2 protein chains.
Amino acid sequence: MKMSRGVEWALHCCLTLAMTGEDEALTAGELARFFDLPKAYLHKQIQALVRAGILSSTPGPGGGYVLARPLDAVSFMDVVAAIDGPDPAFRCDEIRQRGGSGAIGGPIDPGTRCLIDQAMGRADLAWRRELAATSLGSIQTDVGSARPGLAESTRRWFADQPH
Amino acid sequence: MKMSRGVEWALHCCLTLAMTGEDEALTAGELARFFDLPKAYLHKQIQALVRAGILSSTPGPGGGYVLARPLDAVSFMDVVAAIDGPDPAFRCDEIRQRGGSGAIGGPIDPGTRCLIDQAMGRADLAWRRELAATSLGSIQTDVGSARPGLAESTRRWFADQPH
DNA sequence: GTTTTAGTACTCGGATAGGCCGTGTCCGAGTGCATCTGG
DNA sequence: CCAGATGCACTCGGACACGGCCTATCCGAGTACTAAAAC
């Protein structure tokens with residue numbers, strides 16, 4: 001079970017957009033150079049963030065992407081759902097109702113979910129709860145403490161880029 | 001992010017093996033018919049459970065698989081790790097140290113992990129903790145309460161199968 | 001000098017190919033049982 | 001009748017193709033700016 005690599009890219013891009021501020025938009029190409037990533041593919045991933053309402057896009061020269069809302073209002077869950085999809089990892093195919101297994105012990109009450117599915121659902125919920133409880137804003141704060149000059153250096157880097 | 005379908009199969013097989021008891025082993029073919037699953041592929045998945053020490057196998061006529069230990073001593077985490085692999089879903093590629101991002105703000109203390117990776121690690125841990133805390137034995141107990149005659153019916157079904 | 005207008009360069013956006021891992025299948029090695037043979 | 005040997009059928013175990021989804025890429029639609037030309 002592997003998560004899409006785009007999730008890491010998207011998270012870092014959001015943090016970077018927060019550091020540079022919403023006054024100037026960053027293009028997909030700039031972000032790709034900043035992280036040494038394939039431009040076209042990063043572009044695709046960022047589009048998913050736009051569709052999810054996390055980023056806002058501006059076309060044309062001078063355009064690019066900016067955060068649609070403060071990082072405090074963006075959770076890890078939001079980004080993971082946008083990139084990796086909202087569906088739970090475990091999917092119950094109702095094995096218990098197939099073949100010989102489905103023909104014994106009488107009919108199953110349609111209202112009762114498979115107990116295995118329920119257990120998996122609880123674990124999935126614990127995971128999602130943790131992701132939803134962690135906002136990108138808190139990460140931004142922690143990064144600010146651990147590396148004080150990083151935001152300023154990042155702004156500099158993008159300002160020094162040739163247009 | 002999708003979990004392997006084999007996980008569901010493996011969990012149901014373990015429960016079934018617990019119901020039939022360790023006196024008689026069930027073959028991959030019998031379990032495949034019981035759940036209407038592709039025999040060869042189920043066979044492959046079950047082998048992973050044997051490698052993980054969850055099941056014990058006996059070759060030759062009259063052979064098959066039995067539980068290697070009581071279901072109380074088998075957690076969801078054990079089965080998921082056996083089938084789906086033990087690695088965490090999120091993998092940090094340290095893109096913060098690549099491209100322009102790695103060239104600004106001074107060198108990074110090698111002892112500090114990426115904060116994004118840490119947050120993802122916490123969520124993954126919450127998920128694993130929940131899976132590790134749920135034993136298949138508890139599911140077996142709940143199934144026994146919800147469907148009292150199921151274990152007996154299951155034993156009957158396998159006993160009635162032609163050899 | 002001002003306004004209009006055409007051109008251009010740049011951006012995002014979605015539609016289009018390739019690669020890897022999960023899915024599915026196959027055949028070979030090993031084992032226990034039944035049968036047959038010899039004493 | 002009994003013991004041993006032999007063949008066989010059945011099981012697991014690992015090695016071998018196939019397909020779907022993630023990965024990666026490309027080209028088209030739209031926009032703001034620039035510059036030239038007309039008034």
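Please read these numbers as outputs of a predicted model, since none were measured by experiment. Below, read A as the first sequence line, B as the second, and so on, with proteins coming before strands; counting in each chain starts at 1. Atom set for the values below is all heavy atoms of this structure, side chains included, hydrogens, waters and symmetry mates excluded.
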Answer with base, sugar-phosphate or nothing: what part of the nucleic acid does A:Gly64 contact at a heavy-atom distance below 4.0 Å? sugar-phosphate
What is the separation between atom CG on B:Leu55 and atom C1' on D:dG13, rounded to the nearest whole Å? 15 Å
Taking for each residue the nucleotide of DNA chain C with the nearest heavy atom, is it A:Val50 or A:Pro61 whose nucleotide lies nearer the 5' end? A:Pro61
Output every pair passing side-chain hydrogen bond (donor to acceptor under 3.5 Å, both in side chains) with a member in residues 138-149 of chain B, not counting sequence neighbours, ordered by first then second residue. none
When you measure from the side-chain N and O atoms of A:Gln47 to the phosphate of C:dC12, is any distance below 4.0 Å, counting only OP1 and OP2? no
Please round to 10 degrees the angle between the axis of the first five pairs and the axis of the last five pairs in the helix from C:dG1-D:dC39 to C:dG39-D:dC1. 10°
Starting at the 5' end of DNA chain C, which residue's closest nucleotide do you reach first, A:Tyr65 or B:Thr58? A:Tyr65
Which residues pass the ring-ring contact (aromatic ring centres under 6.0 Å, His included) test with A:Phe90, sequence neighbours left out? none
Rounded to the nearest Å, what distance is computed from the CG atom of residue A:Leu37 to the P atom of nucleotide D:dC22? 19 Å
Residues two or more places apart in sequence or in another chain: which of them pass side-chain contact (heavy atoms from CB on, under 4.5 Å) with A:Ile104? B:Phe34, B:Leu150, B:Ser153, B:Thr154, B:Trp157
Which residue pairs satisfy the salt bridge (charged side-chain N to carboxylate O under 4.0 Å, His left out) criterion with at least one member in residues 104-127 of chain B, sequence neighbours excluded? B:Arg113-B:Asp117, B:Asp124-B:Arg128
Taking A:Arg91 for the side chain and B:Met3 for the main chain, is one N or O donor matched with an acceptor at less than 3.5 Å? yes
What's the CZ-P distance between A:Arg51 and C:dC12, to the nearest Å? 14 Å
Interface polar pairs with nucleotides 22-27 of chain C, N/O, under 3.5 angstrom:
| residue | atom | partner | partner atom | Å |
| --- | --- | --- | --- | --- |
| C:dT23 | OP1 | B:Arg5 | N | 3.4 |
| C:dT23 | OP2 | B:Ser4 | OG | 2.6 |
| C:dT23 | OP2 | B:Tyr41 | OH | 3.2 |
| C:dT23 | O5' | B:Tyr41 | OH | 3.3 |

Can you name the ring-ring contact (aromatic ring centres under 6.0 Å, His included) partners of B:Tyr65, sequence neighbours left out? none
C:dT31, C:dA9, C:dC12: which one has an atom nearest the side-chain heavy atoms of A:Thr27? C:dC12
Quick one: A:Gln161 CD to C:dT11 P, roughly how many Å, whole number? 12 Å
Over how many whole Å does the gap from B:Leu31 atom CG to D:dC12 atom C1' extend? 13 Å
Would you classify B:Ala25 as touching base, sugar-phosphate or nothing, given that sugar-phosphate means primed atoms plus P, OP1 and OP2, and contacts are heavy atoms under 4.0 Å? nothing
With sequence neighbours excluded, give me every side-chain hydrogen bond (donor to acceptor under 3.5 Å, both in side chains) pair touching residues 37-62 of chain A. A:Tyr41-A:Gln45, A:His43-A:Gln47
Testing C:dC12, C:dT31, D:dT31 for proximity to the side chain of B:Pro59, the answer is C:dT31
Can we say B:Arg155 and B:Glu152 salt-bridge, meaning some charged N sits less than 4.0 Å from an Asp/Glu carboxylate O? yes
Residues that A:Glu94 engages under side-chain contact (heavy atoms from CB on, under 4.5 Å), provided they are two or more places apart: A:Cys92, A:Arg96, A:Gln97, A:Cys114
